[in-house]
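Everything on this sheet refers to the single structure shown next.
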2 protein chains.
Amino acid sequence: MSTSEPSDRYHHGDLRRALVEAALELLLEGGTEALGMRELARRVGVSSAAPYRHFRDKQALIQAVAAAGFALFLEAVEAAKAGVAVDEQFGAMAEAYVQFALRYPRLYKLMFSSELGKFEDKDLRRAADAAYASLAVAAAKQDPEAPGEAAISAWAFVHGLSMLLLDEQLLGVSAANAEPLVRKLTRRHAQRFGKPHPG
Amino acid sequence: MSTSEPSDRYHHGDLRRALVEAALELLLEGGTEALGMRELARRVGVSSAAPYRHFRDKQALIQAVAAAGFALFLEAVEAAKAGVAVDEQFGAMAEAYVQFALRYPRLYKLMFSSELGKFEDKDLRRAADAAYASLAVAAAKQDPEAPGEAAISAWAFVHGLSMLLLDEQLLGVSAANAEPLVRKLTRRHAQRFGKPHPG
DNA sequence: GTTCAGATGTTGACATTGCTCACATTGAAG
DNA sequence: CTTCAATGTGAGCAATGTCAACATCTGAAC
């Protein structure tokens, strides 16, 4: 499933990428707890100390994973807006957003866990901002009179909704049957927060 | 600051409570990473194995802390609604909600971290639901035509906004100067999501 | 009041983890 | 071909979560 063949030579060739890939798999399977440096090294078929040539810290490794996550995330959200009428783009993106969270719950959680130190890692920060910007732009178009507030509200809404769904805080609603609710809610949000004087 | 005097007798007397208290302090000071079983035992002045008489797991201990957090949280939100006109209660509670998150960021994060297993621990589940219900009721009153959706949207909004603020994802806005923004946004949300036919 | 059974605490140990240091191996630039 | 920086190895340290065997206390029954 990956491009990483162990290949018994001394130098791995592309350890850094292999590590991030494996870390991602490890995370998706077993959550944050399962994501350890040593286990990671084992997976890639390399000694326990090797990863430290590429990442100062466990935290640095995690930041890289999160950044990769944001890239995936951005891709998904952008894809959702392609070929959609402008005034329906926000709704589509919001839906894609929540669906991403539901499909990769542990990754999503990691991305926003932020014992993570988003501020310190430049790459991570950039990736996160890019994702934010993508949705913010679409949301801002909805309410040209107060674009900033519209963007924040929109982001807060989708993020909060995702979290609620992941925590199964919504009685009777789980990842499996969330789709109709998500659609209804995002549409409702777009309506209420959309252009205030539609007539 | 606590009721826990070490007191050199063999039996502590109220270890369980002391542990949760100390864990809370530890969490507030140093975050999740600083919250370890052994360090905790050290703080309370007890052997490393003693906590296991009261908590099966580290996770169980953490769940107890989270439950305590939800109690605190509920208290804060309820306090905010006391003595406020009914149609302004939601705004007041929403503001209190976000302020709680800003005052206790690490605790708030823990409460919603949910590698936490909210489903399994009954006490925790109850505490979380109670907090949810409190805000949900106020939000539902805002839009009697679709109370369920109003509640979800409201919760998602405040939760999402809190997370964004904690992650400093909002450029130029941090815990220190967040208050006016929070007030403006919650009011805006109440307006847009409030009774659709105010005339 | 003595006794005895839980409940509660202690000691010491095991496996595992993050991380570091001294050393080994390699590929590429001169 | 030599050399050097980049990359990987192995052993080891301190710390952690957890457990089992043992110690001590407390409260209820006699």
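Throughout, protein chains are lettered first and strands after them, A, B, ... in sequence-line order, and every chain is numbered starting at 1.
- For B:His54 and C:dG9, the shortest distance from a side-chain N or O to OP1 or OP2 is below 4.0 Å.
- In terms of heavy atoms, A:Val182 sits closest to A:Leu165 at CG2-CD1, 3.9 Å.
- The listed nucleotides are D:dT9, C:dG9, D:dG17; the one nearest the side chain of B:Leu15 is C:dG9.
- In this structure, B:Asp129 does not pair ionically with B:Lys118, as no charged nitrogen and carboxylate oxygen lie closer than 4.0 Å.
- Between the CG atom of B:Leu19 and the P atom of D:dG17 there is a distance of 13 Å, given to the nearest Å.
- Under 4.0 Å is where a charged nitrogen must lie from a carboxylate oxygen, and between B:Glu33 and A:Lys58 no such pair does.
- Computed from coordinates, the A:Phe55 CZ to D:dG8 P distance equals 11 Å when rounded to whole Å.
- Listed here is the closest heavy atom pair of B:Arg125 and A:Asp167: NH1-O, 3.9 Å.
- The pair A:Glu120-A:Arg56 does not meet the salt-bridge criterion, since no charged nitrogen lies less than 4.0 angstrom from a carboxylate oxygen.
- Looking at A:Arg192 and A:Asp143, no side-chain N of the basic residue comes within less than 4.0 Å of a carboxylate O on the acidic one, giving no salt bridge.
- The side chain of B:Ser47 sits closest to C:dT11 out of D:dT9, C:dG18, C:dT11.
- Rounded to whole Å, the distance from CD on B:Glu33 to P on D:dT16 is 12 Å.
- For A:Ala50, taking side-chain heavy atoms from C-beta onward, the closest of the listed nucleotides D:dT9, C:dC19, D:dT18 is D:dT9.
- The two residues B:Leu110 and B:Ala66 come nearest to each other via the heavy atoms CD2-N, 4.4 Å.
- Between the CG atom of B:Leu61 and the C1' atom of D:dT18 there is a distance of 14 Å, given to the nearest Å.
- Atom CG in A:Leu35 sits roughly 12 Å away from atom P in C:dT17 (whole-Å rounding).
- The residue among A:Arg38 and A:Arg53 whose nearest nucleotide of DNA chain C lies closer to the 5′ end is A:Arg38.
- Between the NZ atom of B:Lys58 and the C1' atom of C:dT17 there is a distance of 12 Å, rounded to whole Å.
- When the P atom of C:dG12 is taken as reference, atom OH of B:Tyr52 falls 18 Å away, rounded to whole Å.
- With DNA chain C read from its 5' end, the first of the two nearest nucleotides for A:Ala49 and A:Arg42 is the one closest to A:Arg42.
- Protein atom CG of B:Leu40 is 16 Å distant from nucleotide atom C1' of D:dA15, rounded to whole Å.
- Bending across the helix from C:dG1-D:dC30 to C:dG30-D:dC1, expressed as the angle between its end axes from five pairs apiece, amounts to 0° (10° rounding).
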